[in-house]
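Okay, so here's the structure we're looking at.
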Amino acid sequence: MTSEPRDYRDTLFLPKTDFPMRAGLPKAEPKWIAFWEEQKLYTTLREQSEGRPTYTLHDGPPYANGHIHMGTALNKILKDLINRSHQMLGHDANYVPGWDCHGLPIEWKVEEEFRAKGKSKDDVAPAEFRARCRDYAKQWVDVQSEEFQRLGVVGDWDNPYLTMRFESEARICHELLKIAESGQLYRGSKPIMWSPVEQTALAEAEVEYKDRKVSQIYVRFPVNLSGLNENDFDYAISYAKTNHPNSENLQDFVASRERDKKYVNASVVIWTTTPWTIPANRAVSYSTDIRYGLYEITDLEAVEFDLGQSVGDRLIVADDLWEIVSKASFIRASKRIQDVTAEDLEQMVLSHPLRDMPGANGTYHFPVPLLAGDHVTAEAGTGFVHTAPSHGEDDFNVWMSNGDKLASLGIDPAVPMTMDDKGCYTDVMPKRFQGLDVIRTSGKKRGQDGKANGEVIKALVETGNLLARAPMTLRDAHSWRSKAPVIRRATPQWFISMSKTGLRDTALAEIDKTTFWPDRGRNRIGTMVKDRPDWLISRQRSWGVPITLIVGPKGELHTDRDDADAINARILEAVREHGVDGWFDTPLQDLMPDDNDDWAKVTDILDVWFDSGCTHAFCLKERDDLPDRADLYMEGSDQHRGWFQSSLLESCAVYGEAPYDGILTHGFVVDAKGLKMSKSLGNVMSPLELTQKYGADIVRLWVASSDVTEEIRISDEVIKTNTDSYRKLRNTLRYMIGALDGYDDSEAIAPEDMPALERWVLHRLWELGSEHEAMVRNHDHRTIFSKLFNFCTNDLSAFYFDIRKDALYCDPLDSTRRRACRTVMNAIFERLTTWLAPILCFTMEEVWQQLRPGASVHLETFRDCPDAWRDDALDAHMATVRMARDAVNEAIEPLRRDKVIKSSLEAAVIAAGPDLSRSLSALGIDVADRYADPADPSDTLADYLIVSKAEIGQVVSVSDLKDTKARKCLRSWKYFEGEGEITPRDAAAIGEPKAA
RNA sequence: AGGCCGGUAGCUCAGCUGGUUAGAGCGCGCCCCUGAUAAGGGCGAGGUCGGAAGUUCAAGUCUUCUUCGGCCUACCA
């Protein structure tokens with residue numbers, strides 16, 4: 001009699017869920033954003049966490065220009081991970097995003113717009129121009145805000161901070177006024193790039209380099225020996241020897257005379273391509289790394305014109321360059337007299353080459369010192385660099401940093417203003433030079449050489465100090481607008497002093513107190529602050545916060561007047577009322593009604609770094625819902641020089657302390673090969689495209705799985721890896737959702753009544769939980785992700801779930817171990833979901849709503865993992881069992897490969913391993929192959945190994961049960977010895993008596 | 001050119017103060033399951049730790065040099 005074997009599938013307690021295996025994130029995520037909006041998530045978070053300790057990550061403002069890119073996406077997601085984690089840790093982590101709105105790039109874009117309409121910037125009223133800049137910035141703020149929110153970033157998007165808000169602008173002005181009042185602000189001068197044609201300052205990005213024909217000249221600077229000749233020195237030496245033979249100083253004196261004697265008739269030679277800067281020369285720079293020699297001319301070429309040099313003249317030039325210099329200077333033969341050491345140069349003083357120029361009238365009767373400078377190389381020229389502090393950055397720097405030497409020589413270190421806005425010599429120059437132009441600024445020859453070069457060369461010929469001249473071509477800066485050459489010219493600028501009131505020391509002390517992640521950041525910003533020059537804060541631009549100072553006839557500041565408070569109040573009121581226009585449009589007498597003769601408003605604007613350096617003032621300190629000081633500033637590593645520093649300096653200047661407790665930096669996004677992303681390399685990836693294609697959670701997972709302290713790689717392969725990880729996590733959660741279908745706390749089992757396996761899972765949760773908070777506080781999201789991911793794969797999916805499938809599906813519904821399993825799964829669910837919520841903010845919401853419909857998961861806090869769950873001994877025993885399990889799996893594998901065994905349930909095994917028996921009995925795992933109580937089964941070794949029969953022996957072995965008298969249970973598919981179609985346990989589960 | 005940092009399996013990452021055959025996950029290959037099924041499980045193959053030299057009984061781990069890459073700063077008189 002044969003009958004169809006009964007199908008027991010319906011009697012199983014299989015997981016049940018409609019939670020989709022495939023996420024469909026690109027479509028699903030916007031719905032969750034809508035869900036949070038509906039729930040007023042941000043507002044609810046604030047209300048709910050009122051009174052909790054605050055955690056404030058103060059947003060560094062991105063520039064409101066263009067769409068977000070991989071870097072800005074990474075930055076915001078990382079901030080979001082930190083904010084959400086701290087919120088769930090039990091803080092009130094209020095995140096207020098911000099934008100940087102002023103500055104050059106926006107100014108350019110708007111200029112471009114006007115040009116497209118055929119208008120130049122000068123045709124547009126400044127107020128109209130600024131209004132357009134404001135609109136332009138606003139438009140991009142809105143775009144970026146949308147894009148950041150699409151990535152899941154939570155914050156006060158309805159009320160962000162903007163540097164261009166009137167309140168912000170007023171506060172920035174206020175901060176500046178406070179700095180002025182404290183005496184840290186001063187007006188100095190500095191060479192900047194200047195276009196004489198447009199009569200405007202240019203930024204580095206506004207110039208292009210192209211070839212230009214120039215005059216190169218070799219000029220000699222005579223060594224100044226006060227007119228003494230060799231005989232004078234010989235006489236001085238013999239006089240000293242005769243009259244002061246016993247003087248202590250005799251030896252030194254003789255040595256110095258002997259040294260100077262060698263330099264009679266000697267000159268230091270310089271080379272330059274800007275002859276017009278010679279009249280502004282104040283020094284000559286040399287390098288301590290270059291070997292110099294003293295050369296005497298012994299023969300000259302015959303030429304048709306008069307040479308300034310003659311046989312017997314001595315020249316000091318870098319040895320490596322002598323050949324080039326002598327050839328250029330028509331020197332046919334020469335002899336090298338001796339080395340010229342760095343000490344000699346240090347002692348030496350030169351005369352200006354125009355000293356004896358007709359009409360100089362003593363203008364150049366000053367000593368020209370030799371200054372050691374790192375910028376001097378022996379690659380071209382003579383090894384000496386002519387130094388005109390008003391016409392070169394390097395020149396300026398070497399001049400300013402040699403204050404002590406200048407003072408000892410009685411030289412005034414003030415940098416003269418030698419050139420006006422049109423590029424013409426000013427009246428500090430000798431009469432014959434005054435008014436001469438470097439560049440023609442109008443007419444057909446606009447942009448070509450003016451009269452200055454020619455006149456200077458002529459004057460050098462007259463003094464005999466021109467060694468040679470020749471045309472050459474070099475790459476030089478040109479204005480990208482007019483295409484005309486650019487000059488470097490000293491202009492008045494505003495500075496914040498690093499030293500006057502000890503700003504540098506304050507800043508360094510604050511850096512010491514700051515926590516850095518990674519710690520090397522301290523060193524990086526520290527050396528920068530230590531070495532940096534005074535802070536140049538003025539710009540000659542339109543779109544920015546004005547320097548709201550009124551300057552008196554003698555250069556005095558209004559902030560030093562008795563009525564300063566009243567003036568300041570009017571200024572700030574005007575800016576609060578009308579924004580930056582309030583400053584430009586309000587007449588002077590309205591701001592300063594009394595004693596205002598010859599007083600003038602400053603028209604410069606502030607460096608945008610000053611704006612963003614004030615965010616702590618106009619955001620943190622102004623808003624009631626934020627503390628005055630941030631816990632954390634977190635930006636890319638480029639901000640050591642940028643925002644971290646501008647904020648630190650501004651805050652230290654005004655408040656005497658840093659605006660933050662900690663600084664976290666991340667690296668830059670690079671491609672698969674570690675190269676930076678650039679349009680020209682074609683390796684740019686877009687966060688918006690990735691979000692559209694894969695979902696924001698995938699992008700977030702990428703951030704969480706990367707080591708953000710270094711460069712962060714992204715490529716299709718990296719995205720694929722993260723997509724796979726995502727799927728694994730999603731399915732793990734999905735399985736739990738199914739297994740927990742209909743779970744109710746009333747079926748919960750107390751930990752002490754649970755099987756060892758469940759208690760072990762609780763121990764693992766305890767382990768994860770105890771590390772978790774520290775990792776959050778250390779901003780180590782990568783480790784959090786990696787631990788959770790490995791927990792899901794190794795401990796849950798491959799071990800715990802795999803073993804418990806049998807109990808979950810087949811045990812009687814009220815069996816202790818099935819209930820214990822569901823109790824533990826519920827505990828895992830709550831923890832895993834909340835731990836992952838900061839990372840996978842969309843998916844964890846979806847998961848959470850499956851089992852806890854209603855309030856958002858993001859309103860939850862992390863669940864406690866009680867110390868009572870800890871059980872180190874149990875963990876050690878479980879490790880022994882897992883080792884035995886690995887050994888069994890290894891042994892089963894060959895049989896499976898040879899098709900002897902398919903399912904491991906067809907196997908009977910002998911397990912082995914050190915201390916296995918001991919561990920099993922410690923864990924309460926039975927070795928018997930059948931349950932003592934079928935209605936409430938407890939674990940056997942076979943359950944752990946997922947086989948049908950297991951014993952303990954010396955050696956691991958596997959045998960096939962199929963051809964034995966054991967039969968396959970039609971419900972649990974386990975092989976058992978006994979009567980009927982199903983095992984007693986399965987019979988108990990479906991409430992049937994054992995089938996006959 | 002200078003300052004700071006980094007280069008460990010195809011990918012993402014571990015590897016503490018130098019000490020047994022350099023680890024994990026993913027991917028890949030092979031196999032099983034078909035009651036997590038566009039899922040799940042098992043086994044396995046992958047690394048001269050960027051390169052060279054040195055210190056040491058012993059180096060991925062320390063030193064020097066070199067190469068490639070990143071951020072910042074400078075330069076072209």
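Protein chains get the first letters and strands the later ones, always in sequence-line order, with residue 1 at the start of each.
- In this structure, A:Phe644 and A:Tyr633 have tilted ring planes: the angle between them lies in the 30° to 60° band.
- Straight-line distance between the C1' atoms of B:rU12 and B:rG19: roughly 29 Å, to the nearest whole Å.
- Contact check, A:Lys805 against B:rG35: no side-chain N or O comes under 4.0 Å of OP1 or OP2.
- The gap from the P atom of B:rG25 to that of B:rG44 amounts to 12 Å, rounded to the nearest Å.
- Rounded to the nearest Å, the gap between the C1' atom of B:rA22 and that of B:rG47 is 8 Å.
- Scanning atom types as modelled, no donor and acceptor separated by under 3.5 angstrom connect the side chain of A:Thr17 and the base of B:rA36.
- Side-chain N/O atoms of A:Arg734 and base N/O atoms of B:rA36 include no donor-acceptor pair closer than 3.5 Å.
- Comparing the P positions of B:rC5 and B:rC11 gives an interatomic distance of 25 Å, to the nearest angstrom.
- An aromatic stacking contact between A:Phe789 and the base of B:rA24 is absent, as defined here by ring centres under 5.5 Å apart and ring planes under 30° from parallel.
- When heavy atoms are screened at a 4.0 angstrom cut-off, A:Arg524 is found touching base atoms of the nucleic acid.
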Each nucleotide N or O in nucleotides 28-30 of chain B that has a protein N or O under 3.5 Å away: list the pair and distance.
none

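- Nucleotide B:rG44: paired with B:rC28 (Watson-Crick or G-U wobble, both distances less than 3.5 Å).
- Distances shown here put a side-chain N or O of A:Lys728 below 4.0 Å from the OP1 or OP2 atom of B:rG41.
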Inset, instruction - Apply side-chain hydrogen bond (donor to acceptor under 3.5 Å, both in side chains) to the pair A:Thr387 and A:Ser285, showing each step before the final yes or no. - result: CA-CA 6 Å; A:Thr387 298; A:Ser285 300; 2.8 Å; yes
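- Inter-residue side-chain proximity for A:Leu836 and A:Phe789 is flagged as unmet; no heavy-atom pair is nearer than 4.5 Å.
- Annotation: cation-pi pair A:Arg6/A:Tyr8 present, NZ/CZ under 6.0 Å from the ring centroid and within 45° of its normal.
- With a cut-off of 3.5 Å on both Watson-Crick or G-U wobble distances, the partner of B:rA22 is given as none.
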